[in-house]
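Structure record follows, encoded as structure tokens.
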Amino acid sequence: QVQPVESGGGSVQAGGSLRLSCAVPGYNIRGMCTAWFRQAPGKEREGVAAIGFGGSRTHYADSVTGRFTISQDNDKNTMYLQMNSLKPEDTAMYYCAASIGLCSTPDLAAKRYLYWGKGTQVTVSS
């Protein structure tokens with residue numbers, strides 16, 4: 001069973017940084033398309049960033065472009081989301097999502113991703 005596992009969430013002040021990690025035990029992340037989504041209380045789920053094609057192609061939501069960086073380490077079989085210049089509006093539960101396939105054009109359509117982690121909380125205080 002494909003089960004993404006997130007880690008790295010926490011609480012930080014506005015302007016700070018956090019790095020989230022996502023591992024997919026038992027599967028080679030090189031051959032997967034993965035992404036981060038987030039959902040704040042009372043709001044719809046929002047796509048944040050996606051990566052595919054062995055880690056060479058990425059896609060970002062406008063709201064995080066220039067502040068967040070998605071990457072993956074194929075040797076460690078782990079995907080990362082480096083979040084800088086965090087804002088209170090970034091507060092949400094962050095979910096790692098994955099699908100099997102090279103994913104030549106990663107995107108933030110939730111229906112593309114069949115496998116979802118349980119989430120890690122990110123809280124940004126002003």
Side-chain angles (χ1 to χ4, degrees):
Q1 182 178 355
V2 183
Q3 179 62 65
V5 179
E6 307 96 336
S7 61
S11 297
V12 66
Q13 289 191 328
S17 299
L18 283 173
R19 188 177 77 159
L20 305 183
S21 299
C22 174
V24 188
Y27 289 83
N28 189 338
I29 201 169
R30 190 190 306 267
M32 304 186 79
C33 186
T34 55
W36 289 98
F37 289 77
R38 66 187 181 186
Q39 188 166 21
K43 295 188 176 181
E44 293 187 355
R45 182 173 54 190
E46 173 190 20
V48 176
I51 187 166
F53 212 69
S56 64
R57 299 182 183 179
T58 59
H59 178 73
Y60 295 91
D62 290 343
S63 59
V64 305
T65 297
R67 299 188 299 122
F68 291 10
T69 302
I70 191 169
S71 64
Q72 67 185 55
D73 185 328
N74 292 327
D75 291 335
K76 295 183 178 180
N77 212 35
T78 302
M79 181 264 281
Y80 303 98
L81 183 69
Q82 178 67 43
M83 304 185 294
N84 298 329
S85 301
L86 281 161
K87 305 175 181 179
E89 51 263 45
D90 294 317
T91 295
M93 184 71 79
Y94 283 70
Y95 298 92
C96 177
S99 64
I100 297 175
L102 279 178
C103 184
S104 60
T105 308
D107 61 43
L108 295 174
K111 62 182 180 181
R112 168 196 279 272
Y113 302 94
L114 298 182
Y115 310 104
W116 293 75
K118 296 181 179 180
T120 185
Q121 178 68 37
V122 171
T123 302
V124 185
S125 58
S126 57

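- Atom OG1 of Thr105 is separated from atom NE2 of His59 by 10.5 Å, given to the nearest 0.5 angstrom.
- Note that CD of Gln39 and CD of Glu44 are 8.5 Å apart. Values are rounded to the nearest 0.5 Å.
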List the steps and the verdict of side-chain contact (heavy atoms from CB on, under 4.5 Å) for Asp90 and Arg38. CA-CA 9 Å; Asp90 294 317; Arg38 66 187 181 186; 2.9 Å; yes
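- A distance-only check finds a donor-acceptor pair linking the side chain of Arg57 to the backbone of Ser104 [under 3.5 Å].
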Can you check side-chain contact (heavy atoms from CB on, under 4.5 Å) on Thr34 and Ile29, steps first, answer last? CA-CA 8 Å; Thr34 55; Ile29 201 169; 4.3 Å; yes
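- In this structure, Leu108 and Trp36 approach most closely via the heavy-atom pair CD2-O, 4.4 Å.
- Between the side chains of Ser63 and Glu46, at least one donor N or O sits under 3.5 Å from an acceptor N or O.
- At distances below 3.5 Å, at least one donor-acceptor pair connects side-chain atoms of Asn74 with backbone N or O atoms of Gly54.
- The hydrophobic clustering, which links ILVMFWY residues whose side-chain heavy atoms are closer than 4.5 Å, places Ile70 and Met83 together.
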Evaluation steps, side-chain contact (heavy atoms from CB on, under 4.5 Å), between Val122 and Met93: CA-CA 6 Å; Val122 171; Met93 184 71 79; over 6 Å; no
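- Closest heavy-atom contact between Ala49 and Tyr60: CB-CD2, 3.6 Å.
- If you chain together hydrophobic residues whose side chains sit under 4.5 Å apart, Val48 and Leu20 fall into the same group.
- One N or O on the side chain of Glu6 and one on the backbone of Gly119 form a donor-acceptor pair closer than 3.5 Å.
- Remark: the backbone N or O of Lys76 is paired with a side-chain donor or acceptor of Asp73 at under 3.5 angstrom.
- Applying the side-chain hydrogen bond (donor to acceptor under 3.5 Å, both in side chains) test to pairs two or more places apart or on separate chains, those with a residue in residues 113-122 are Gln121-Thr123.
- With a 6.0 Å cutoff to the six-membered ring centre and a 45° limit on the axis angle, Arg19 counts as a cation-pi contact of Tyr80.
- Residues Thr78 and Ser21 meet the side-chain proximity criterion, which asks for heavy atoms closer than 4.5 Å.
- Judged by distance alone, the side chain of Thr65 and the main-chain N or O of Ala61 form a donor-acceptor pair under 3.5 Å.
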Stepwise side-chain contact (heavy atoms from CB on, under 4.5 Å) check, Phe68 with Leu81: CA-CA 7 Å; Phe68 291 10; Leu81 183 69; 4.1 Å; yes
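- Within the 3.5 Å criterion, the main-chain N or O of Val124 finds a donor-acceptor partner in the side chain of Thr91.
- The shortest distance between side-chain heavy atoms of Cys103 and Arg112 falls below 4.5 Å.
- Taking both residues in full, the closest heavy atoms of Ser85 and Ser17 are given as N-OG, 4.4 Å, listed atom of the first, atom of the second, then distance.
- Rounding to the nearest 0.5 angstrom, the gap separating the CD atom in Gln72 from the CG atom in Asp75 is 11.0 Å.
- For the pair Leu18 and Gly8, the tightest heavy-atom approach, listed with the atom from each and the gap, is CD2-O, 4.1 Å.
- By the rule that hydrophobic residues join a cluster once side-chain heavy atoms approach within less than 4.5 Å of another member, Met79 and Val64 end up as members of one cluster.
- Nearest heavy-atom pair across Val24 and Asn77 is O-ND2, 3.7 Å.
- Pairing each heavy atom of Ala110 with each of Arg45, the nearest pair is CB-NH2, 3.5 Å.
- Contacts classified as disulfide bond (SG atoms under 2.5 Å apart) and involving residues 36-98 (residues at least two apart or in different chains) are given here: Cys22-Cys96.
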